[in-house]
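Reminder, nothing fancy here: chain letters follow the sequence lines and each chain counts from 1. These numbers come from the heavy atoms of this one structure, side chains and all, not from hydrogens, waters or symmetry mates.
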Amino acid sequence: DAGITQSPRHKVTETGTPVTLRCHQTENHRYMYWYRQDPGHGLRLIHYSYGVKDTDKGEVSDGYSVSRSKTEDFLLTLESATSSQTSVYFCAISESTAGETQYFGPGTRLLVL
Amino acid sequence: AQSVAQPEDQVNVAEGNPLTVKCTYSVSGNPYLFWYVQYPNRGLQFLLKYITGDNLVKGSYGFEAEFNKSQTSFHLKKPSALVSDSALYFCAVRDLDSSYKLIFGSGTRLLVRP
């Protein structure tokens with residue numbers, strides 16, 4: 001999976017609790033992304049980062065925040081988890097944008113009860 | 001707005017037969033197009049991409065895709081399917097309004113029967 005790890009791989013939590021997912025890369029790529037995968041929707045972009053401390057919103061960013069204090073780590077936080085955030089979350093990286101390929105991590109399966 | 005459509009939720013094919021997984025797109029300029037494959041409980045794996053040049057793009061595991069500008073299509077093909085090709089396939093297009101974003105289709109499940 002292109003030098004990308006995600007932790008935890010599985011998590012069960014309760015509505016209203018904060019949750020942080022971690023993405024770690026060893027490729028030294030500049031760009032990092034968080035997606036969520038839901039049946040019938042493919043993958044949808046939550047947030048992305050174009051450098052350390054440089055982040056921006058994707059198409060489904062409500063209820064999520066991100067931080068990137070180091071090139072290799074990109075954190076996704078659900079401030080107060082809701083059942084609608086039950087999903088599989090994927091991190092991706094790319095060296096640049098435009099035609100550059102994005103490479104994906106193994107995913108984190110999150111269940112919010 | 002840019003979009004991509006995969007009209008088939010599932011494609012069934014017998015092992016050894018050719019397979020096609022369809023993808024059509026809508027963009028305002030020249031598209032960057034990608035195919036990914038997802039095996040159960042795994043992340044997405046890159047198969048191939050079209051940026052410019054030859055309309056027939058060859059990728060991993062014997063897959064290829066044909067870019068057709070007039071039909072705005074980028075269908076994934078393989079001459080002879082394997083049971084191990086059974087997986088979920090995603091087409092994606094680069095959002096030209098936001099160079100960071102990939103727009104994904106809803107996915108097509110390929111089932112290759114022995």
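- Within the 4.5 Å cutoff, the side chain of B/Gln45 has no heavy atoms near those of the A/Tyr103 side chain.
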For this session: Show your reasoning for whether ring pair (Phe, Tyr, Trp, His ring centres under 6.0 Å) applies to A/Phe104 and B/Phe46.
Result: CA-CA 8 Å; A/Phe104 286 79; B/Phe46 169 72; over 10 Å; no
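- Transitive grouping of hydrophobic side chains (ILVMFWY, heavy atoms separated by less than 4.5 Å) brings B/Tyr39 and B/Leu19 into a common cluster.
- No chain of hydrophobic side-chain contacts below 4.5 Å, direct or via other Ile, Leu, Val, Met, Phe, Trp or Tyr residues, connects A/Leu75 to A/Tyr48.
- When all heavy atoms of B/Ser106 and A/Gly40 are compared, the closest pair comes out as CB-O, 3.6 Å.
- Hydrophobic cluster membership is shared by B/Tyr61 and B/Leu33, with clusters built from Ile, Leu, Val, Met, Phe, Trp and Tyr side chains linked at under 4.5 angstrom.
- Looking only at side-chain heavy atoms (C-beta outward), B/Ile103 and A/Glu59 stay at 4.5 Å or farther from each other.
- Among A/Gln6, A/His41, A/Arg44, A/Gln37, the residue with the largest count of heavy-atom pairs under 4.5 Å with chain B is A/Gln37.
- Note on A/Leu76: it clusters hydrophobically with A/Val60, by side-chain heavy-atom contacts below 4.5 Å among ILVMFWY residues.
- Within the model, atoms CG of A/Leu43 and CG of B/Leu44 stand 5.5 Å from one another, a figure rounded to the nearest 0.5 Å.
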Problem set entry | Intermediate values then yes/no, side chain to side chain contact (heavy atoms under 4.5 Å, CB included), A/Tyr33 and B/Leu102 | CA-CA 10 Å; A/Tyr33 314 80; B/Leu102 276 180; over 6 Å; no
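- Proximity to chain A is limited to the side chain of B/Gln38, based on heavy atoms less than 4.5 angstrom apart.
- Distance CZ/B/Arg42 to CZ/A/Phe90: 10.5 Å, rounded to 0.5 Å.
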For this session: Please report the C-alpha distance between A/Arg9 and B/Asn41 in whole Å, then the side-chain angles of each, then the deciding distance to 0.1 Å, and finally whether the side chain to side chain contact (heavy atoms under 4.5 Å, CB included) criterion is met.
Result: CA-CA 10 Å; A/Arg9 294 293 313 279; B/Asn41 300 313; 5.8 Å; no
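- Interface remark: B/Tyr50 contributes no atoms to any contact with chain A (heavy atom separation under 4.5 Å).
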For this session: Just do the side chain to side chain contact (heavy atoms under 4.5 Å, CB included) check on B/Tyr32 and A/Thr101 with the steps written out, would you?
Result: CA-CA 10 Å; B/Tyr32 296 159; A/Thr101 300; over 6 Å; no
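- Rounded to the nearest 0.5 Å, atoms CD (A/Glu100) and CZ (B/Arg94) are 8.5 Å apart.
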